[in-house]
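Here the structure is laid out as structure tokens; the discussion comes afterwards.
All residue numbers in this chain count up from 1 along the given sequence. The basis for the numbers below is simple: all heavy atoms, side chains too, and nothing from hydrogens, waters or symmetry mates.
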Amino acid sequence: ARPKYLIDIHRIADLSYIREEPAQIRIGAMTRHVEIEESAVLREKIPMLCEAASKIGDAQVRNRGTIGGGLVEADPAGDYGPVALALNAKLKCVGPKGERIIAAEDFFTFAYTTTLESDEILTEVIFPLPDKGNAGVYVKLERVAGDFAIASAAVQIGLDKDGVCNNIGIGVTGAGPIPQKPVAVEVLLRGRKITAALIDGAGAIIQEGADPIEDLRGSAAYKKKALSAILRRAIAESLRRAEAVRPS
């Protein structure tokens with residue numbers, strides 16, 4: 001890349017914040033990973049975000065990198081993509097033509113490519129607040145701590161008083177060139193009591209539709225098996241957490 005101009009937007013203070021509003025949390029695009037990792041509001045309301053931020057790079061990266069940068073880079077193995085998909089986030093973008101809101105599932109188009117126009121910037125990420133009785137987790141398989149993911153899964157589960165899954169959101173990396181929302185897995189689990197057999201079924205479904213990128217982190221065959229294992233682990237842990245907070 002040989003850009004004619006390089007513009008630093010880190011010092012735009014109005015783009016760095018975490019705000020709780022009715023039914024949602026808004027995070028400015030220039031909010032740093034460490035601020036998300038340490039946010040008391042997010043730890044209480046959407047702990048999955050804190051978990052994802054804590055797994056990014058090392059301390060130096062987390063003190064400089066931002067949620068907006070992570071999403072716009074659109075790395076196929078990035079950490080925020082699956083979380084945004086699992087939580088049905090919306091991304092606010094601004095350019096000369098005005099403002100537009102893009103659903104997370106429509107934002108990523110290919111590896112390192114998004115629907116942002118060349119004259120737009122991402123200014124804010126909007127996360128709907130999960131209902132009470134919902135719980136989530138972010139699970140990541142990496143070669144060494146702080147590395148990009150071989151495979152990762154973000155899972156948010158809600159249970160009713162009978163233990164039936166009434167809300168489910170999933171996002172994964174390692175299934176292809178973009179983070180993906182495996183709707184077929186969500187459909188499998190929604191409206192049912194989640195059993196070990198259903199979790200195994202989810203692991204099988206995710207392998208069927210996966211087309212991983214082969215690289216130094218592993219072959220396609222290995223990554224499919226890794227993704228299946230990570231998704232099953234994430235569902236089981238999210239279910240365990242949801243059971244602890246479900247209405248009686």
Side-chain angles (χ1 to χ4, degrees), residues 14-33 35-54 66-68 70-72 79-94 98-108 114-116 121-138 153-172 179-183 185-187 189-191 194 234-235 237-248:
D14 287 350
L15 293 183
S16 178
Y17 54 84
I18 299 172
R19 296 175 186 155
E20 182 180 1
E21 297 183 359
Q24 62 187 11
I25 287 182
R26 294 174 174 261
I27 302 180
M30 300 308 299
T31 305
R32 301 183 191 278
H33 307 314
E35 294 172 307
I36 293 171
E37 178 184 2
E38 297 177 352
S39 168
V41 171
L42 291 177
R43 193 175 300 115
E44 178 187 357
K45 305 289 185 177
I46 317 179
M48 182 198 299
L49 265 171
C50 303
E51 291 178 346
S54 72
T66 64
I67 186 171
L71 287 166
V72 171
D79 294 288
Y80 285 126
V83 173
L85 290 169
L87 295 170
N88 298 311
K90 295 181 179 179
L91 295 87
K92 184 167 79 172
C93 307
V94 175
E99 175 185 304
R100 64 184 179 130
I101 303 293
I102 306 170
E105 57 191 294
D106 299 324
F107 187 71
F108 306 100
T114 72
T115 57
L116 272 179
I121 66 168
L122 173 65
T123 60
E124 185 178 61
V125 189
I126 305 164
F127 293 94
L129 275 176
D131 295 333
K132 289 184 178 180
N134 282 231
V137 68
Y138 177 69
V155 177
Q156 184 80 16
I157 288 176
L159 302 176
D160 67 15
K161 60 183 179 62
D162 297 316
V164 173
C165 174
N166 58 12
N167 184 39
I168 180 78
I170 301 175
V172 300
Q180 296 181 12
K181 187 175 179 64
V183 176
V185 176
E186 294 179 346
V187 169
L189 301 179
R190 188 180 291 113
I194 299 176
I235 294 171
E237 176 59 20
S238 184
L239 177 63
R240 185 190 68 79
R241 296 183 184 186
E243 287 173 338
V245 297
R246 73 181 174 92
S248 57

Does any N or O in the side chain of [X] come within less than 3.5 Å of the main-chain N or O of [Y], such that one atom is a donor and the other an acceptor?
X: Arg32; Y: Thr66; value: no
X: Asp160; Y: Asp162; value: yes
X: Ser54; Y: Glu51; value: yes
X: Lys181; Y: Leu85; value: yes
X: Arg43; Y: Glu38; value: yes
X: Arg241; Y: Gly136; value: yes
X: Glu243; Y: Gly163; value: no

Hey, are the side chains of [X] and [Y] touching, using non-hydrogen atoms and a 4.5 Å cut-off?
X: Val125; Y: Phe107; value: no
X: Tyr138; Y: Leu49; value: no
X: Ile168; Y: Val155; value: yes

Least distance between heavy atoms, [X] atom then [Y] atom:
X: Ala53; Y: His33; result: CB-O, 3.6 Å
X: Leu91; Y: Ala104; result: CD1-CA, 3.7 Å
X: Pro130; Y: Leu87; result: CG-CD2, 4.5 Å
X: Tyr80; Y: Gly70; result: CD1-CA, 4.5 Å
X: Gly81; Y: Phe108; result: CA-CZ, 3.9 Å
X: Ile18; Y: Glu35; result: CD1-O, 3.8 Å

Kindly compute the distance separating [atom1] ([X]) from [atom2] ([Y]), expressed to the nearest 0.5 Å.
X: Ile67; Y: Leu71; atom1: CD1; atom2: CG; result: 5.5 Å
X: Ile121; Y: Lys92; atom1: CD1; atom2: NZ; result: 10.5 Å
X: Thr114; Y: Ile102; atom1: OG1; atom2: CD1; result: 7.0 Å
X: Ile25; Y: Leu42; atom1: CD1; atom2: CG; result: 5.0 Å
X: Lys90; Y: Ile126; atom1: NZ; atom2: CD1; result: 7.5 Å
X: Ile46; Y: Ile36; atom1: CD1; atom2: CD1; result: 10.5 Å

Query - Which residues share a side chain to side chain contact (heavy atoms under 4.5 Å, CB included) with Ala242, sequence neighbours left out - result: Ala135, Ile157, Leu159

Report summary line: Sorted by chain and number, sequence neighbours left out, side chain to side chain contact (heavy atoms under 4.5 Å, CB included) with Asn167 holds for Asn134

Query raised in the report: Would you call Glu237 and Arg240 a salt bridge, taking side-chain N to carboxylate O under 4.0 Å as the test?
Result: yes

Query raised in the report: Residues in side-chain hydrogen bond (donor to acceptor under 3.5 Å, both in side chains) with Glu44, at least two apart?
Result: none

Report task. Tell me, with the steps shown, if Val185 and Val172 meet side chain to side chain contact (heavy atoms under 4.5 Å, CB included). Result -> CA-CA 11 Å; Val185 176; Val172 300; over 6 Å; no

